[in-house]
Student: 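What follows is a single structure, and I will ask about it in a moment.
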Amino acid sequence: MKFFLYLIIVAFIIFLVEIVLRKKLGVKHRYVSETSGKKIYNWVKLGMLIVFIIGLIPVVSLDEFGELFLWYIFSYLILSNAFDTFMEWKYLKRSKQYVISSAIWVIGLSAMLIYVFVLQ
């Protein structure tokens, strides 16, 4: 129960930070798939998902949704968000959307580390 309450609080904080940063920077949401980087973005995301799913099988069989599973999920989310931020920086430079994604990435990473090392 404590974990779900923590997730709700973190999601609310991320939501507020995104709204404030979008207003301050004057950034409208755009997608990398609307740019020339669409092909590479889709292929890399698909490849990451396939590797994640294949790697999930031994993780679940070894740990049965324990600490290793939690780290595996967090690692995938961190890598996926970092890739999104990089692609936004590369293909949406003028929109400065990558600044918002970077801030959300830092908040998410911090929240994960606080949960794992402080609250658990």
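Computation of the quantities below employed the complete heavy-atom set of this structure, encompassing side-chain atoms and omitting hydrogens, waters and symmetry-equivalent molecules. These numbers were taken from a predicted model, which means no experiment stands behind them.
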Student: In terms of hydrophobic clusters joined by side-chain contacts under 4.5 Å, are Ile104 and Val20 together?
Tutor: no
Student: For residues Leu5 and Val10: do they belong to one hydrophobic cluster (side chain heavy atoms under 4.5 Å, members Ile, Leu, Val, Met, Phe, Trp, Tyr)?
Tutor: yes
Student: Within the structure provided, determine whether Ile114 and Tyr6 are in side-chain contact (heavy-atom separation under 4.5 Å).
Tutor: yes
Student: If hydrophobic clusters are built by linking Ile, Leu, Val, Met, Phe, Trp and Tyr wherever their side-chain heavy atoms come under 4.5 Å apart, do Val51 and Val59 end up in the same one?
Tutor: no
Student: How long is the gap from NZ on Lys96 to CH2 on Trp89, to the nearest 0.5 Å?
Tutor: 13.5 Å
Student: Could you go through Val116 and Phe74, starting from their C-alpha distance and side-chain angles, then the distance that decides it, and tell me whether this counts as side-chain contact (heavy atoms from CB on, under 4.5 Å)?
Tutor: CA-CA 10 Å; Val116 169; Phe74 284 150; 3.9 Å; yes
Student: For Leu49, I'd like to know if atom CG has over 12 heavy atoms of other residues, nucleotides or ligands within 6.0 Å.
Tutor: yes
Student: At what distance, to the nearest 0.5 angstrom, does OG of Ser102 lie from CZ of Phe86?
Tutor: 12.0 Å
Student: Taking atom CD1 of Ile73 and atom CG of Leu77, what is their separation to the nearest 0.5 Å?
Tutor: 6.5 Å
Student: Which heavy atom of Ala103 sits nearest to which heavy atom of Leu21, and what is that distance?
Tutor: CB-CD1, 3.6 Å
Student: Starting at CG of Leu92, measure out to OG1 of Thr85 and round the result to the nearest 0.5 Å.
Tutor: 11.0 Å
Student: State yes or no: do Leu46 and Leu79 share one hydrophobic cluster built from I, L, V, M, F, W and Y residues joined by side-chain heavy-atom distances below 4.5 Å, directly or via other members?
Tutor: no
Student: I want to check something: taking the side chain as every heavy atom from C-beta on, are Val44 and Met87 in contact at a cut-off of under 4.5 Å?
Tutor: no
Student: Should side-chain heavy atoms under 4.5 Å link Ile, Leu, Val, Met, Phe, Trp and Tyr, which residues sit in the same cluster as Leu16?
Tutor: Phe12
Student: Looking at CZ of Arg22 and CD of Gln97, how far apart are the two atoms once the value is rounded to the nearest 0.5 Å?
Tutor: 5.0 Å
Student: Would you please say whether a donor-acceptor pair under 3.5 Å links the side chains of Ser80 and Lys45?
Tutor: yes
Student: Which residue in the set Tyr31, Phe83, Tyr91 passes ring-ring contact (aromatic ring centres under 6.0 Å, His included) when paired with Tyr41?
Tutor: Phe83
Student: If every non-hydrogen atom of Met48 is compared with every non-hydrogen atom of Tyr76, which pair is closest and at what distance?
Tutor: O-CE1, 3.8 Å
Student: So, for Val32 and Gly37, which heavy atoms are closest and what is the spacing to 0.1 Å?
Tutor: CG1-O, 4.1 Å
Student: As an exercise, state the distance from OG of Ser36 to NZ of Lys38, rounded to the nearest 0.5 Å.
Tutor: 11.5 Å
Student: In terms of hydrophobic clusters joined by side-chain contacts under 4.5 Å, are Phe15 and Met112 together?
Tutor: no
Student: Of all heavy-atom pairs between Ser101 and Asn81, which one has the smallest distance, and what is that distance?
Tutor: O-OD1, 4.1 Å
Student: Angle between ring planes, Phe117 versus Trp71, binned at 30° and 60°: parallel, tilted or perpendicular?
Tutor: tilted
Student: Which atoms form the tightest heavy-atom contact between Arg30 and Thr35, and what is the distance?
Tutor: NH2-CG2, 4.0 Å
Student: Looking only at heavy atoms, which two atoms of Leu56 and Tyr72 are closest? And how far apart?
Tutor: N-OH, 3.5 Å
